[in-house]
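Reviewing the structure listed below.
Lettering follows sequence order; numbering is per chain, from 1.
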Amino acid sequence: MSGSVKHYIAWRCAQELQSGVVNLGIGIPTLVADYLPKGLVTLHSENGILGVGPEPDPNEFVVDPESIELVNASGVQPITALPHASYFDSSLSFTIMRGGHLDATVIGALQVSETGDLASWAVPGKDVLGVGGAMDLVIGAKRVIAAMSHLSPKGEPKILPECTYPLTAKNRVDTIVTEYAVFKFREGRMYLVEMVDEISLEQLKEMTPASYEVAEDLKVVKRESIGDPVLV
Amino acid sequence: MSGSVKHYIAWRCAQELQSGVVNLGIGIPTLVADYLPKGLVTLHSENGILGVGPEPDPNEFVVDPESIELVNASGVQPITALPHASYFDSSLSFTIMRGGHLDATVIGALQVSETGDLASWAVPGKDVLGVGGAMDLVIGAKRVIAAMSHLSPKGEPKILPECTYPLTAKNRVDTIVTEYAVFKFREGRMYLVEMVDEISLEQLKEMTPASYEVAEDLKVVKRESIGDPVLV
Amino acid sequence: MSATLDQIQTGVQFLSADEAVKKIPKAASIMVGGFGFPGMPRHLSRALVEQTDIDELTLIMNSLGSVSTLNALFEQNRIKKVIGSFFSTNKDLVKAYREGKVEIELLPQGTLTEAIRLGGAGIPAFFTPTAAGTDLAKGKETRVINGREHVLEHSLTADVAIIRAHKADKAGNLVYRKTAQNFNPAMATAAKLTIVEVDEIVEIGELNPDEIMTPFIFVDIVVKREEV
Amino acid sequence: MSATLDQIQTGVQFLSADEAVKKIPKAASIMVGGFGFPGMPRHLSRALVEQTDIDELTLIMNSLGSVSTLNALFEQNRIKKVIGSFFSTNKDLVKAYREGKVEIELLPQGTLTEAIRLGGAGIPAFFTPTAAGTDLAKGKETRVINGREHVLEHSLTADVAIIRAHKADKAGNLVYRKTAQNFNPAMATAAKLTIVEVDEIVEIGELNPDEIMTPFIFVDIVVKREEV
């Protein structure tokens, strides 16, 4: 997937987020931060901060593992804090997540099923030695936005009748954003609500084995070239 | 029970406490504070302080319900804080209690059984509308010292084969201190370890229907007149 | 996302006590902070007492002292149930209970605080050793874990929490002082609508981010206390 | 009890890192604080790596990065089991796991932190919605509560916690900074022996009592970090 496609997906996710508190997962979701309305959306990071600011200038900031105290959920990437930020321990951080207090999370996905199941952490047949905070994020956030390429790197569909990869959580996805389309779950049914004009409904269906309905108000949009945003 | 008897019981409890962190219940246990070795025992109060100091001078301190911020577990009695004090919320306060972190609690008792059951919060046939933190204290403290008069105000025994009043907790009492005797529980058995010289073993037995053994090293002591301690 | 001070909007509202209590629905469950005097939201309590069309309430609070500003609610017959740990000394409540006007659910204080904290954390039930083998465990599921009997307790959430803090900043972050914390931070996490009264409102950036005890995400409405 | 500063003794010991790790028993379970770099007790970790007669260890920690000072323990074959949420990127650990030398128990990060917090709070088990219906719930008891499936998780305690804080006072009270808190405050409560490394040791009374995050009751040994 090209950088510009990733940025398009991130930008499109950001359009879903106009206020509130959001946790962004790793991968494409990290890019979403650049497109959020300034000051209206506050970012939470599970390692213990509400009010994540931009990364410090790498030319001015040297990471010393012995003394660094402010990083994002990677555990190693330095960040800054916004003026309204607060810090807390892991228990309170996961109270925010599991307890239903996040307005949304944007999370990368390996597969999503037509019932909103999410697979994002493991691949069958491989050792499963890490899960992190993904399951808590997805179980608790008021909205779960899956940000993903429409097809796998091998060209296989990822939006399926049922996930074949190990689940992160059942029935929790609220919105799927890919480079071709946006799907939303309403009362347990999956709807196509937006697609780009460069493909047909039939082509989309072919790439999307999950059963879904086409929303009455389906929007057909031009995929804009986003490119790297200019950081202010 | 006369004031001097209460003070004797409190003083005798304090002899059990030479270091660590202790929570004192209401009634006689409150008096224990006056007899503790200075600086070696730190007091915890369940409303959220570790490091309770003496009450402020009532002539200099006016309680304003609108603004008072530092009280003991009564919720209304002002206290001071020692130099090493810390404050915390109820969750952490009960983590200290239930989690087994208190070295001891001294608690008033209505009845104690020969298996170490404690009844301290309710009387049969009356409305039971309050329990407070007693159950958590007794379930969690490393040592539970029951501070009590040997007989009820009606002259009835309180140290019994089985409690007839509603229990606070089962098998948790470690030491019983009355104006006549001290009992300790060792490996599930109750032992008489100390008594005052003004009564005989037979008289004590008569007041104490619980079955207990007389410790090999039973101490017979003179009950000292304690009186009000001089606050420094 | 390098938002500056004047761009930050968290959605936390700053209202008067009267405006705030108007947001409380009829038949609401309400958590009320405080342990005795400290941390008790007396300013919001007075406003609630005056807002007489909100009734059939369930109160979740540690205790209700005999001089509590909320006692008028019993005289007004507006309370259906109270859940907490210590009500023995409140004559109005004991009277209402004896007359069958109020239901009381008694929990050990540590079970109450943990039920609230876990309610806010999305954990609906837990096994505690507290109260095992006592009357307060009657009718509750028990289980022996690590050789010791435990009671299954269900966590608590509420429609509304009315709490008290020392300061809020204009984002809605809170700090508490001394023994006035008590149940307030946990209750802030466990209600759909959290209303907090504070002594002082300060600018964003004036609170040390390491010392903020309740992040704004748990706060909906901030009310500045007025002198009584 | 009006103790003055020079009379206060809490029993907290102040030792060197080498002296401190000598208190760790063989075959101990050890909680290790930190989330990535911040809050990781690197000074104590180095001392533990050098104290080679302590083995058959169980580590309880969120993750073990590929540059962790503790990785030497795998080369030294001193680890029996690790419990935590993310180990995928640690080549030494993955290698030891594939060779059958190390057992790994994987928990969702929120379940891990709550299991530690509740372990310290004397609550041995809880129902969480996290992981319900996933492979990480396999073999675990489940129950539908409030219409939703939950997994019964057992709390964690340990023989030892090695953690990191910013400052300790001479009573043993601790404060943390920024995202270096993470698992440290909960781990301090959940171990029989809590050893903490700090940047600075200050006099009693220098920490604001409202800002102390770990009261001394949870601390056994304080070690001042030395410059590396």
For this session: May I ask you to name which of B:M135, B:Q77, B:M97 has the most heavy-atom pairs under 4.5 Å with chain C?
Result: B:M135
Problem set entry | Structural part of B:Y87 lying under 4.5 Å from a heavy atom of chain C | both
Problem set entry | NZ (C:K95) with more than 12 external heavy atoms under 6.0 Å | no
Exercise. Counting heavy atoms not belonging to C:K140, are there more than 12 under 6.0 Å from its NZ?
Worked result: yes
For this session: Can you establish whether the number of heavy atoms outside C:E141 located under 6.0 Å from its atom CD is more than 12?
Result: yes
Problem set entry | Structural part of B:T168 lying under 4.5 Å from a heavy atom of chain C | backbone
For this session: State whether the side chain of C:T179 and the backbone N or O of B:V71 hold a donor-acceptor pair below 3.5 Å, judged by distance alone.
Result: yes
Problem set entry | chain C contact via B:S91 - which portion, at a heavy-atom distance below 4.5 Å | both
Exercise. Which region of C:Y176, side chain (C-beta onward) or backbone (N, CA, C, O), has a non-hydrogen atom less than 4.5 Å from a non-hydrogen atom of chain B, or is it both or neither?
Worked result: neither
Problem set entry | Top of C:H166, C:R98, C:M40 for chain B proximity - count of heavy-atom pairs under 4.5 angstrom | C:R98
Exercise. Under a 4.5 Å cut-off applied to non-hydrogen side-chain atoms, are B:K170 and C:E149 in contact?
Worked result: no
Exercise. Looking at B:G133, B:S67, B:G132, which has the largest count of heavy-atom pairs under 4.5 Å with chain C?
Worked result: B:G132
Exercise. Rounded to the nearest 0.5 Å, how far apart are NZ of C:K178 and CG of B:N47?
Worked result: 13.0 Å
Problem set entry | Qualifying residues under ring pair (Phe, Tyr, Trp, His ring centres under 6.0 Å), relative to B:F183, sequence neighbours excluded | B:Y212
Exercise. Relative to chain B, which segment of C:V94 carries a heavy atom at a distance below 4.5 Å: side chain, backbone, both, or neither?
Worked result: both
For this session: Step through the shown structure and confirm whether more than 12 heavy atoms of other residues, nucleotides or ligands are within 6.0 Å of NZ on B:K6.
Result: no
Exercise. Roughly how far apart are B:L70 CG and C:R177 CZ, rounded to 0.5 Å?
Worked result: 11.0 Å
For this session: Measure the OG1-CZ distance between C:T128 and B:R98 for me, rounded to the nearest 0.5 Å.
Result: 4.5 Å
Exercise. Any side-chain heavy atom of C:L93 within less than 4.5 Å of one from B:L129?
Worked result: no
Exercise. B:A73 and C:F35: which non-hydrogen atoms are nearest, and at how many Å?
Worked result: O-CE2, 3.2 Å
Problem set entry | C:R148 side, atom CZ; B:N171 side, atom CG - distance, nearest 0.5 Å | 10.0 Å
Exercise. So which of B:V128, B:N72, B:D127 has the largest heavy-atom pair count under 4.5 angstrom toward chain C?
Worked result: B:D127
Exercise. So do C:E114 and B:D136 actually touch side chain to side chain, heavy atoms under 4.5 Å?
Worked result: no
Problem set entry | Separation of B:L167 CG from C:L136 CG (nearest 0.5 Å) | 11.0 Å
Problem set entry | Choice from B:P65, B:P166, B:A134, B:S45 maximising heavy atom contacts with chain C below 4.5 Å | B:P65
Exercise. How many angstroms lie between atom CG of C:N62 and atom OG of B:S90, to the nearest 0.5 angstrom?
Worked result: 7.0 Å
Problem set entry | Nearest heavy atoms of B:G130 and C:F86, plus distance in Å | CA-CD1, 3.6 Å
For this session: Spell out the residues in residues 105-113 of chain C that have some non-hydrogen atom less than 4.5 Å away from a non-hydrogen atom of chain B, in order of number; otherwise answer 'none'.
Result: C:L106, C:L107, C:P108, C:Q109, C:G110, C:T111, C:T113
Seminar exercise, completed: Given C:A186, C:G133, C:A180, C:S63, the one with more heavy-atom pairs under 4.5 angstrom with chain B than any other is C:G133
Exercise. Highest number of heavy-atom pairs under 4.5 Å with chain C: which of B:T95, B:V131, B:I79?
Worked result: B:V131
Exercise. Between C:G65, C:G39, C:S85, which shows the greatest number of heavy-atom pairs under 4.5 Å with chain B?
Worked result: C:S85
